[in-house]
Number of protein chains: 2
Amino acid sequence: MTARTPSETARDIPEATVARLPVYLRALTSLSEAGTSTCSSEALAASAGVNSAMLRKDLSYLGSYGTRGVGYDVDYLRYQIAREIGVTQDWPVVIVGIGNLGHALANYSGFRSRGFRTVALLDADPARTGETVAGIDVRPFDDLEGIVAEHGVAIGVIATPAPAAQAVADRMVAAGISSILNFAASVLTVPAGVDVRKVDLSIELQILAYHEQRKAQDQQQEETA
Amino acid sequence: MTARTPSETARDIPEATVARLPVYLRALTSLSEAGTSTCSSEALAASAGVNSAMLRKDLSYLGSYGTRGVGYDVDYLRYQIAREIGVTQDWPVVIVGIGNLGHALANYSGFRSRGFRTVALLDADPARTGETVAGIDVRPFDDLEGIVAEHGVAIGVIATPAPAAQAVADRMVAAGISSILNFAASVLTVPAGVDVRKVDLSIELQILAYHEQRKAQDQQQEETA
DNA sequence: GCCGGTTTGTTCTCTCGTTCACAAACTCCT
DNA sequence: AGGAGTTTGTGAACGAGAGAACAAACCGGC
């Protein structure tokens, strides 16, 4: 890691805060569309489902964009957060693995509207290439390097079966991708400097199952008490 | 919250540990299928992508299932974790909203194989009901209460557009569902005792974008240095 | 039976994240 | 202009999570 010079606005935003900024961004977009021009931290926090003190502290990492006694200007704050996250410009994205999930991702409108543009759909299965999904042609996986170079792609999405995920990740990293969103049920190992985020449907369900089971146990015990 | 009697194995497993147990479970299943009968905490931790000390501490919350100087019996530990999570029996699940994502979820094989059974697909759009997805008929949303009562469903999945999500959650809770997995881009408010987990694709991408932007800034600064 | 090597379970410490509480600062009304 | 009422920004307390380090316990050989 390179040391940061003091001249740079040394934004050492905590990871937990970074994860909440998109939630605030969405809440602000909602408010803006509803015609609200100003809002308090209390109102915004409620809309985002968090504590208002936490919201204020989170926002304070970005700067002082509110006015005491008044609140925040919705559109101004919205822009500041978008700029901080980096979604004021469009990010080109590649999706690899056009199965059921890949289809859903390609058709997901939330990407386009929120600063992301799907520039290519790739699949290793020749039977799938040539197909058109969401207006984009599915191309062979071997086109990866060319597409990444051509569009300057930095973010890749893996929606392949688990056994293929690591190999896809390796090729992505070699091609120059440095951020990966992984939907495959597999632990990826990548070199330092590459970010991986995992979304795992069955893990989420298992966490719910654990809590559900505990609730059932508690209730059972209550009855015998 | 009701006080817990000391007689119960007072499992106060930290949330962070609960979130990792499914990962360990998957790693153990892999090892078991590969024919490994015993493994050390070091090996299992590597397989799950975590620190070995953390793994041991996590497992210690469940009990003392290893043998010092030897390691863990793969199948035995696997069963213990599965039992703790509650995936030794099948959980009936309802999916609401059979759009692109709902299709993908219905077809996702990871549910069936990991202790979950999709008992119904529901959609409010009459044009979709009657369709068959993954061998299951899509039924009208109004059938929710009957299905929940009939199968004893405790877990519901919301894959609707964001504006419909809160109304669906309210109906689910009223029908008796107490755990919700929410894929809609919307903050749900539910009564105490109901668990909600959110999976939001665009938030994940935005978090990656933030880090990606920071990497770019760092590099730029390095060049001018 | 005992000793060396190995691996778990646990304690301690440090860091990170969250919440509370309050001073600073702004608006509006008189 | 001044005071009452709000609301932000932040310092401090508090709690949870992660990693290091070590004692307890087990196996195998002699």
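So you know, we letter chains A, B, ... as the sequences are listed, proteins then strands, and number each from 1.
With D:dG19, C:dG9, C:dT19 as the choices, the nucleotide that has an atom nearest any side-chain atom of A:Lys57 turns out to be C:dT19. Residue B:Arg68 places its side chain closer to C:dG9 than to any other of C:dG9, D:dG11, C:dA24. Among the nucleotides D:dG9, D:dG19, C:dG17, the one closest to the side chain of A:Ala16 is C:dG17. Closest approach to the B:Ser40 side chain among C:dT8, D:dC27, C:dA21 is made by C:dT8 (side chain taken as heavy atoms from C-beta onward).
C:dT8 atom P lies 11 Å from atom CG of B:Leu77, rounded to whole Å. In this entry the distance linking CG of B:Asp12 with C1' of D:dG15 reads 13 Å, nearest Å. The distance from atom CG of A:Leu59 to atom C1' of C:dG17 is 16 Å, rounded to the nearest whole Å. Distance B:Tyr65 OH to D:dC26 P: 17 Å, rounded to the nearest Å. Distance, A:Arg56 CZ to C:dC22 P: 14 Å, rounded to whole Å. The separation between B:Leu55 atom CG and D:dG17 atom P is 17 Å, rounded to whole Å. Between B:Ile13 atom CD1 and D:dA16 atom P there is a gap of 15 Å when expressed in whole angstrom units. For B:Gln80 and C:dG9, the CD to P distance is 12 Å, given to the nearest whole Å.
Under the 6.0 Å distance and 45° angle rule, A:Arg171 counts as a cation-pi partner of A:Phe141.
For A:Tyr72 and D:dG9, the shortest distance from a side-chain N or O to OP1 or OP2 is below 4.0 Å. Between A:Asn51 and the phosphate of C:dG17, there is no side-chain N or O to OP1/OP2 separation shorter than 4.0 Å. For D:dT8, one of the phosphate oxygens OP1 or OP2 lies less than 4.0 angstrom from a side-chain nitrogen or oxygen of A:Ser41.
For the pair A:Val70 and A:Met54, nearest-nucleotide mapping onto DNA chain C gives the more 5' position to A:Met54. Mapping A:Arg20 and A:Thr67 onto DNA chain C via the closest heavy atom, the residue that lands nearer the 5' end is A:Arg20.
Side-chain polar atoms of B:Gln80 and B:Arg83 form a donor-acceptor pair below 3.5 angstrom.
Ring to ring, A:Tyr65 and A:Tyr76 are close: their centroids are under 6.0 angstrom apart. Between B:Phe111 and B:Tyr108, the ring center distance clears the sub-6.0 Å criterion.
A salt bridge is defined here as a Lys NZ or Arg NE, NH1 or NH2 lying under 4.0 Å from an Asp or Glu carboxylate O, and A:Asp73 with A:Arg78 fails to meet this definition.
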